[in-house]
Amino acid sequence: MNYSMTSLIKQAFQGHKGWPVGWRDPEPKKQYDAIIIGGGGHGLATAYYLAKEHGLTNIAVLERGWIGSGNVARNTTIVRSNYLLNNEIPLLEWSLKLWENLSQELNYNVMFSQRGVLDIFHTNGQRDEAVRRGNAMIMNGVDAVMLNKEEVLKQVNIIDPDNGRYPILGGLLQPRAGTARHDAVVWGYARAADRLGVDIIQGCEVTGFLRDSDGRMTGVETSRGTINAPKVGVAVAGHSSQVMEMVGIRLPVESHKLQAFVTESVKPIIDTVATFGVGHLYISQSDKGGLVFGGMLDGYNSFAQRGNLPIVEDVAEAIMMFLPTLGRARLLRHWAGVVDMTMDGSPFICKTPIDGLYLNGGWNYTGFKAIPGAAWCFAHTMVHNEPHPYNAPFDLDRFSQGRPVDATGGGPFPNHH
Amino acid sequence: MRIPCPLCGERPLEEFTYRGDAKVKRPDHDAPIEDWVGYVYVRDNPKGDHQEHWRHSGGCGSWLTVNRNTVSHIINSVEEARQTEESRISEKTQEKKLA
Ligand SMILES: Cc1cc2nc3c(=O)[nH]c(=O)nc-3n(C[C@H](O)[C@H](O)[C@H](O)COP(=O)(O)OP(=O)(O)OC[C@H]3O[C@@H](n4cnc5c(N)ncnc54)[C@H](O)[C@@H]3O)c2cc1C
Ligand SMILES: [Zn+2]
């Protein structure tokens with residue numbers, strides 16, 4: 001059933017009892033043309049684009065928990081393409097273009113809201129960086145606007161204007177950036193993929209890989225038995241190292257934790273996404289009214305999906321410093337996700353040394369925005385056995401060949417990106 | 001999380017700086033390039049016990065080798081990195097002597 005005004009009215013008269021399920025719950029088949037491991041944003045979207053763009057419909061997505069149990073439902077949903085490097089902007093901008101039409105494309109309201117992302121700076125050095133990045137964006141056809149202090153304070157009028165330690169000097173705004181609804185992205189892609197024939201198999205953990213005598217990929221071992229396929233795409237985010245290790249591939253990745261916070265609902269007080277140049281602080285307001293914000297990584301390898309208290313304190317301090325009016329807002333929830341931090345802060349969307357095995361991972365804490373664009377490129381790579389120009393820079397060989405994509409210049413320290 | 005520094009006792013996380021995988025070892029000067037790439041970029045990333053370097057930067061300043069579980073965060077052992085290195089070297093020379 002297509003979701004539309006007519007179907008809504010029809011269902012309303014039937015007491016909303018006739019809505020069909022969003023996607024089936026099939027038994028795994030013995031053989032598929034392609035398997036995607038991981039039912040997060042990237043896995044589901046890859047299956048959708050394989051079916052939609054390349055006509056490959058005999059596909060399964062294998063998810064060990066339930067779809068959307070990973071980072072895709074734990075993130076703060078910022079979607080932007082305000083990047084610095086010429087080899088990263090095209091991928092993110094392509095992704096943003098797909099976001100702009102995603103609700104129509106999927107026939108599912110992903111609540112993409114182009115409320116802008118405003119990066120506020122506090123020092124002359126940060127201003128120089130913002131000018132440079134803004135120019136790089138404009139030269140790549142991305143929208144970027146410099147705001148002065150008055151304009152920043154007008155747009156976000158809850159900021160303390162007289163911060164002595166970190167004055168507000170201005171901000172770099174990307175008007176087309178914004179936020180989306182995380183669950184809706186999962187469910188939208190899942191339903192759209194399922195409608196094209198993709199089997200979404202939950203509660204199915206991949207425990208090993210099967211290869212023929214030439215070393216080519218032939219399938220996977222799972223908690224629900226052996227499943228065969230000549231092409232396997234890995235999209236397991238925080239567990240990229242674990243899954244790739246099953247075939248003996250070690251990655252330049254450390255798994256770290258990133259926390260996020262949400263307050264009780266309050267009246268609308270901020271209608272954009274504001275980021276600050278201190279402690280990675282950023283904040284937006286959800287449609288329900290909760291203030292959603294976060295800060296830095298916890299900073300050490302971890303697979304615990306819970307955060308530590310020093311970061312809670314850090315983030316609260318930063319909030320009080322810039323947005324003192326929120327001092328009495330009560331925290332409703334805070335949580336953490338396991339993010340696969342790479343040695344240059346950039347992802348992998350690529351072939352691997354094993355024929356028929358492909359990797360989409362290393363998303364750091366920035367992979368939500370990239371879901372449509374990266375999955376589109378990943379599907380292309382799996383079908384053509386070649387990257388699309390947008391994802392060509394994001395291969396595994398870039399480290400040994402001396403071309404890491406390191407926008408911050410942080411070096412090979414995952415907790416510094 | 002608190003780390004028991006062998007010199008200062010149990011201290012809060014905020015006093016420590018994380019460096020990461022304690023098993024990476026600088027290759028010999030003329031080692032093949034793959035070894036150098038591995039040294040700079042590739043890491044063990046276990047879901048479980050992890051041997052890692054921390055510095056007690058807000059305390060005595062010592063470099064420590066910490067054995068910590070990355071799921072439970074339980075710390076199984078802490079010793080000065082220097083000691084670990086010394087015992088490694090003495091083990092190595094012992095092995096050589098035996099061989
Ligand atoms: C707190 C926080 C805030 C963030 N904020 C933003 C943001 O504002 N903007 C942004 O762009 N990005 C953000 N991110 C990053 C973003 O959430 C991730 O990069 C992205 O969701 C990762 O891709 P995914 O959706 O495919 O991952 P996931 O949703 O984690 O999907 C991976 C799936 O693989 C499954 N899996 C793992 N191992 C196996 C196995 N062996 N067999 C079968 N299945 C397996 C897991 O169960 C999981 O469901 C944030 C992350 C966190 C934690
Ligand atoms: Zn000490």
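In what follows, every chain begins at residue 1, and chains take the letters A, B, ... in the order their sequences are listed. What you see is a predicted model; the values in this text were computed from it and never measured.
If you measure heavy-atom distances from Gln305(A) to chain B, you find no contacts under 4.5 Å at all. For Gln242(A), the part lying under 4.5 angstrom from a heavy atom of chain B is the side chain only. Neither the backbone nor the side chain of Thr17(B) has a heavy atom closer than 4.5 Å to any heavy atom of chain A. Interface residue Asn308(A): only side-chain heavy atoms are found under 4.5 Å from chain B. Of the atoms belonging to Pro404(A), it is side-chain heavy atoms, and not backbone ones, that fall under 4.5 Å from chain B. Contacts of Trp54(B) with chain A are made by side-chain atoms alone, with heavy-atom separations under 4.5 Å and no backbone atom involved. In this structure, chain A has no heavy atom under 4.5 Å from any part of Pro12(B). Interface remark: Ile33(B) contributes no atoms to any contact with chain A (heavy atom separation under 4.5 Å). Asn69(B) does not touch chain A: none of its heavy atoms, backbone or side chain, sits under 4.5 Å away.
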Original post:
Checking side chain to side chain donor-acceptor pair (under 3.5 Å) for the pair Thr408(A)/His416(A): CA distance, chi angles, key distance, verdict?
Top reply: CA-CA 9 Å; Thr408(A) 61; His416(A) 291 189; over 6 Å; no
Original post:
Going through the distances and angles, do Ser255(A) and Asn45(B) end up as a side chain to side chain donor-acceptor pair (under 3.5 Å)?
Top reply: CA-CA 7 Å; Ser255(A) 292; Asn45(B) 184 26; 3.0 Å; yes
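Rounding to the nearest 0.5 angstrom, the gap separating the CG atom in Leu64(B) from the NE2 atom in His56(B) is 8.0 Å. Within the model, atoms CE of Met217(A) and CD1 of Ile35(A) stand 10.0 Å from one another, a figure rounded to the nearest 0.5 Å.
Here Arg43(B) is the residue among Arg43(B), His50(B), Glu52(B), Met1(B) with the most heavy-atom pairs under 4.5 Å with chain A. Here Arg68(B) is the residue among Glu34(B), Arg19(B), Arg68(B) with the most heavy-atom pairs under 4.5 Å with chain A.
With His42(A) as the partner, the ring pair (Phe, Tyr, Trp, His ring centres under 6.0 Å) test is satisfied by one option alone out of Tyr358(A), Trp363(A), Phe348(A): Trp363(A).
Side chain of Asn391(A) to backbone of Pro387(A): no donor-acceptor contact under 3.5 angstrom is found.
A salt bridge does not link Asp406(A) to Arg398(A): none of the charged side-chain nitrogens sits closer than 4.0 Å to a carboxylate oxygen.
Phe303(A) has its ring centre less than 6.0 Å from the ring centre of His239(A).
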